[in-house]
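I have placed the structure first, in the form of structure tokens, so that the comments after it can refer back to it.
Fair warning: this is a prediction, and the values are worked out from it, not measured in the lab. Reminder, nothing fancy here: chain letters follow the sequence lines and each chain counts from 1.
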Protein chains: 2
Amino acid sequence: MEKTNTAYETILHVASEIFYKKGLAGARMQEIADLAGINKAMLHYYFKTKEQLFNQVFEKAFFSFSSRIAEVLNSEEPLKIKISNYVDHTIDALKLNRGILIFVIYELNVNPERITELFAGKGNVDFSIFKKQVKAESKNEVNADMLFTDMVALCIYPFIAQPILKKMMNKDEIAYRDFLEERKSWIKSTLISRL
Amino acid sequence: MEKTNTAYETILHVASEIFYKKGLAGARMQEIADLAGINKAMLHYYFKTKEQLFNQVFEKAFFSFSSRIAEVLNSEEPLKIKISNYVDHTIDALKLNRGILIFVIYELNVNPERITELFAGKGNVDFSIFKKQVKAESKNEVNADMLFTDMVALCIYPFIAQPILKKMMNKDEIAYRDFLEERKSWIKSTLISRL
DNA sequence: GTCTATAAGCAGATAGAC
DNA sequence: GTCTATCTGCTTATAGAC
């Protein structure tokens, strides 16, 4: 599929891969230029500075997480359906690309002030809706903060610790993918048993 | 190698703080020297290269996690006690220093080959003991891989995502610390209900 | 828009006196 | 062990021709 991407988009794409792997300080403009098939001068023509390029990459990456969370928290679905959807979508997405997860976690902690900036922008998540719903749809007066924290934790941790868990549990690539797939129903049953 | 020097210890300590915050590529030898109260030449006298210093810092940080996990997995305690101890110790330790967590996660993913090296060394964790114990002490034929993954996930995620969770849940420093404390019993009850 | 060449500055590492 | 001065190479960024 030969879609003529603009140079701008091509750069953003390859820059993502480099920044995911090496972070802001470790990435090299030369390497990004090489991967994009242009030279450094052209790269600086499209993005004045490295930081500027980095910011574009980060915002895009962050948005891919916050939008999914916002979707779950703000939709009209019943709670159990919401949870089930979140688990499935998150695990499927991270199976395709877990590099983005480490990247966002790291940068969010290296530069936490950025969060304020990003949260002020569009697509804000409204936690109060979720809280009300938990109150209405659970029988056990579940703490919504705990439930939400668990939901995200159980889904993303196996990707964060993937290299070390694979090693510890002695699983190869295929066995680990099966493990991740199995976790979907395991997580759902854990979360729903709390309601 | 004789490493009983005070300067040696001081350097390792301040280097940790810098590397935790900025990673290998982002850290500056000058900054480490300044914080340690020496100059760059002296720094290179004690640690020939930046990588060498980094490796020492990383191994120490990694060991602080793996030793606690090994302790839990290999001890003679009943399963429920083990789990309870792990939750308490992990949350207490991370309350004091969460920077180390982000650091280890990042470097473990940036350079996963390092794991092989470290796992081959001392203090290796033996997962099979834990597996046998779960089989013996649980009534529901619980999947030990899942249980272990959940245990770690539920404890460390609130520290990984601390800045963003604080923002989302609208908690200040004190409220967040209370939340973390509350999680101890919440997590234990979640895990034990699975057994 | 695209390129070559180069400026400007920084960071890791060493030489060598004391 | 400790210091000053310096080397060397790399990296971002720009100037300017086409």
Whole angstrom is fine here: how far is it from [atom1] in [X] over to [atom2] in [N]?
X       : N      : atom1 : atom2 : value
A/Ile18 : D/dT11 : CD1   : P     : 13 Å
A/Asn39 : D/dT11 : CG    : C1'   : 15 Å
B/Leu43 : D/dT4  : CG    : C1'   : 16 Å
A/Leu53 : D/dT12 : CG    : P     : 11 Å
B/Ile38 : C/dA13 : CD1   : P     : 14 Å

Item checked: Donor-acceptor pair between A/Asp34 and A/Gln30 side chains, under 3.5 angstrom -> yes
Note to self: Looking only at the side chains, is there a donor atom on one of A/Ser189 and B/Arg194 sitting less than 3.5 Å from an acceptor on the other?
What the structure shows: yes
Checklist line | Minimal non-hydrogen separation, B/Lys48 against B/His44, with atom names | finding: O-ND1, 3.1 Å
Item checked: Nucleotide-resolved protein contact map, nucleotides 7-12 of chain C, B/S/- at heavy-atom distance under 4.0 Å -> ----SB
Picking from [options], which would you name as closest to the side chain of [X]?
X       : options              : value
B/Tyr46 : D/dT14, D/dG1, C/dT4 : D/dG1
A/Tyr45 : D/dT4, D/dA15, C/dG1 : C/dG1
A/Met42 : D/dG1, C/dT2, D/dA15 : C/dT2

Check: Does the pair A/Glu107 and A/Phe19 meet the rule for a side-chain contact (heavy atoms from CB on, under 4.5 Å), with working shown?
Finding: CA-CA 10 Å; A/Glu107 295 302 333; A/Phe19 282 132; over 6 Å; no
Next item on the list: List for me each residue that meets ring-ring contact (aromatic ring centres under 6.0 Å, His included) alongside A/Tyr20, sequence neighbours excluded, and say none if there are none.
Entry: A/Phe103
Note to self: Applying a 4.0 Å non-hydrogen cut-off, can you work out what A/Phe47 is touching in the nucleic acid: base, sugar-phosphate, or nothing?
What the structure shows: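 Contact class for A/Phe47: none.
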Next item on the list: Apply side chain to side chain donor-acceptor pair (under 3.5 Å) to B/Glu17 and list each qualifying residue two or more places apart in sequence or on a separate chain.
Entry: none
